[in-house]
Amino acid sequence: MMKMLRGLLITLLLLMLSGAFAVLWLNEQFNLPHKIPAAVEVQIPRGAGLKKTAALLAERKVIAQERLFEFYMRVYGLAGRIKAGEYAFSGEVSVAEAARIVTGGEVIVRSVTIPEGRSLAQIKQILNENPYLNGEITVAIKEGDVLPETYHFSRGESRNSILLKAKQAMRTALAEAFAGKDEALPLQSAEELLILASIVEKETGLASERGKVASVFANRLKLGMKLQTDPTVIYALTKGEKPLGRPLYRRDLQVDSPYNTYLYAGLPPAPICSPGREAIRAAARPDKTKYLYFVADGISGGHRFAKSLAEHNKNVALYRKQIRRK
């Protein structure tokens, strides 16, 4: 009897030890690093499920054994917690680490940049050409509605969502700038500020002179002078859909359009592009100057400013002389 009892105890002990060793072995397999041949990106679609996810990870060589991954996910109750998205894997990844990544939603964050001074047509083209965004653009949006910035997104996000983010960002930036604008500025609304900022954005790419350029237009508006700015005429000719592709001719200055600030006084009826934050700030608080004119210097990419027409004509002569030297 004692021998039989001793035999049973030994058997139970062996079973317990084998079970413990099995647990240890499984845990080792779950955490065993697997070398990925090269950095890979895996797109897990919505509703993929455990088997489809395991197959995708194995296909991209993120994991070596699909069934081990499936077993781990079931053992730890993670099978229903897989999050759709695009994931990046590189170096050495264990089954446990792969599971943590796809259930933690550590998706790749991508970005799209909308540069300052782009027209709505150009902005739509940028979004349409981005291969990681999804869907057609159907959201209602107008010229100047979009704030130029870098916007972050996950693969598959809609183009409409980017435009809505950018539209809200412009509303916020414009409201803040208008609330803090120079009280002497002859602008009646945030929309007028946006229009002026769009002209400033197109007239200069130099941060150091945005305030001066804005002051010229502010001074002209106060005096009732025509703005006489080339970018508005170019917009009248192209509607922002494409570059003009040639110099602006004298006959262009006679085109009958409300955007032609050589023919019509005051601001054009709408923005001619999406201005950046700095152009908006410059338009809201221009430098305090008496400048009424400016012309390219032909050297630095900047401009020469003048208070009188006689001084301006001299600057124009200097510009033409500089151009002839090139």
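None of these values were measured; they are calculated from a predicted model.
Annotation: side chain of Glu41 is in contact with side chain of Ile108 (closest heavy-atom distance under 4.5 Å). Between Val216 and Thr289 there is no side-chain heavy-atom pair separated by less than 4.5 Å. The side-chain heavy atoms of Arg210 and Glu278, taken from C-beta on, include a pair separated by under 4.5 Å. Counting only heavy atoms from C-beta outward, the side chains of Val146 and Ser274 approach each other to under 4.5 Å. Looking at heavy atoms from C-beta onward, Leu133 lies in side-chain contact with Leu127 at the 4.5 angstrom threshold. Side-chain atoms of Phe217 and Leu196, non-hydrogen and from C-beta on, do get closer than 4.5 Å to each other. Between Lys51 and Glu70 the shortest side-chain heavy-atom distance falls below 4.5 Å. The closest side-chain heavy-atom distance from Phe69 to Val102 is below 4.5 Å.
Proximity of a side-chain donor or acceptor of Asp252 to a complementary backbone N or O of Tyr249 within less than 3.5 Å is detected. Thr229 places no side-chain N or O within 3.5 Å of a backbone atom of Thr232 that could act as its donor or acceptor partner. Between the side chain of Lys239 and the backbone N or O of Ala236 there is at least one donor-acceptor pair closer than 3.5 Å. A donor-acceptor distance shorter than 3.5 angstrom exists from the side chain of Thr204 to the backbone of Leu206, with no hydrogens or angles considered. With hydrogens and angles ignored, the 3.5 Å screen pairs no side-chain donor or acceptor of Thr103 with any backbone N or O of Ile82. Between the side chain of Lys307 and the main chain of Leu292, no donor-acceptor pair closer than 3.5 Å is present. Between the side chain of Asn260 and the main chain of Val233, no donor-acceptor pair closer than 3.5 Å is present. A distance-only check finds no donor-acceptor pair linking the side chain of Asn134 to the backbone of Glu157 [under 3.5 Å]. Looking only at distances, no side-chain donor or acceptor of Glu192 sits under 3.5 Å from a matching main-chain atom of Leu267. Side chain of Ser119 to main chain of Gly240: a donor-acceptor pair is present (N/O by atom type, distance under 3.5 Å, no hydrogens or angles).
Taking the ring centre of Tyr293 as origin, the terminal cationic atom of Arg220 falls inside the region bounded by 6.0 Å and 45° from the ring axis. Geometrically, Arg155 does not engage Tyr132 in a cation-pi contact defined by less than 6.0 Å to the ring centre and at most 45° from the axis.
Taking CG of Leu194 as the reference point, atom CD of Glu201 lies at 11.0 Å (rounded to 0.5 Å). Residue Met225 holds its CE atom at 11.5 Å from OG1 of Thr261, rounded to the nearest 0.5 Å. Here CD1 of Ile162 is found 15.0 Å from NZ of Lys167. Values are rounded to the nearest 0.5 Å. To the nearest 0.5 Å, atom CD1 of residue Ile63 and atom CG of residue Leu56 are 9.5 Å apart. Considering CD1 of Ile272 and OG of Ser198, their distance stands at 4.5 Å, rounded to 0.5 Å. The CZ atom of Arg281 lies 8.5 Å from the CD atom of Glu176; values are rounded to the nearest 0.5 Å.
If you chain together hydrophobic residues whose side chains sit under 4.5 Å apart, Val40 and Val107 fall into the same group. Taken together through direct or relayed side-chain contacts under 4.5 Å among Ile, Leu, Val, Met, Phe, Trp and Tyr, Leu163 and Ile126 form part of one hydrophobic cluster. Hydrophobic clustering, with ILVMFWY side chains joined whenever heavy atoms are under 4.5 angstrom apart, keeps Val295 apart from Tyr291. Hydrophobic clustering (side-chain heavy atoms under 4.5 Å, transitive across Ile, Leu, Val, Met, Phe, Trp, Tyr) groups Ile123 together with Ile141. Val316 and Leu318 are assigned to two separate hydrophobic clusters, defined by single-linkage of ILVMFWY side chains at heavy-atom distances under 4.5 Å.
Salt bridge Asp182/Lys288: present, at least one basic N to carboxylate O contact under 4.0 Å. The existence of a salt bridge linking Lys124 and Glu129 is excluded, since no basic side-chain nitrogen approaches an acidic carboxylate oxygen closer than 4.0 Å. Salt bridge status for Arg100 with Glu97: present, with a side-chain N to carboxylate O gap under 4.0 Å.
Minimum interatomic distance between Leu147 and Arg277 (heavy atoms only, all atoms of both residues): CD2-NH2, 3.3 Å. Counting all heavy atoms, side chain and backbone alike, Ser111 lies closest to Thr150 at CB-CG2, 3.7 Å. Between Pro271 and Glu143, the shortest heavy-atom contact is O-CG, 3.3 Å. Contact record, Arg246 with Leu237: NH2-CD1, 4.2 Å, taken as the closest heavy-atom pair. Ala99 and Leu78 get closest at one heavy-atom pair: CB-CD1, 4.4 Å. Heavy-atom minimum distance, Pro275 versus Ala279: CB-CB, 4.1 Å.
Residues forming a side chain to side chain contact (heavy atoms under 4.5 Å, CB included) with Arg67 (at least two apart in sequence, or on another chain): none. The ring pair (Phe, Tyr, Trp, His ring centres under 6.0 Å) check on Phe153 picks up nothing, with sequence neighbours excluded. The side chain to side chain contact (heavy atoms under 4.5 Å, CB included) check on Ala55 picks up Glu66, with sequence neighbours excluded.
Aromatic ring pairs are classed by plane angle as parallel below 30°, tilted from 30° to 60° and perpendicular above 60°; the pair Tyr235 and Tyr259 is tilted. In this structure, His303 and Phe294 have perpendicular ring planes: the angle between them is above 60°, well past the 30° mark.
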>> Using the rule given for salt bridge (charged side-chain N to carboxylate O under 4.0 Å, His left out), can you reason through Lys212 versus Glu209, listing the C-alpha separation, both sets of side-chain angles and the distance that settles it, and then say yes or no?
In response: CA-CA 5 Å; Lys212 290 180 183 179; Glu209 63 176 31; over 6 Å; no
> Given Tyr72 and Asn31, is the side chain to side chain donor-acceptor pair (under 3.5 Å) satisfied, shown in steps?
Replying inline: CA-CA 10 Å; Tyr72 178 89; Asn31 290 281; over 6 Å; no
>> As a quick check of understanding, evaluate side chain to side chain donor-acceptor pair (under 3.5 Å) for Ser300 and Asp297, giving each step before the final call.
In response: CA-CA 7 Å; Ser300 66; Asp297 61 17; 2.6 Å; yes
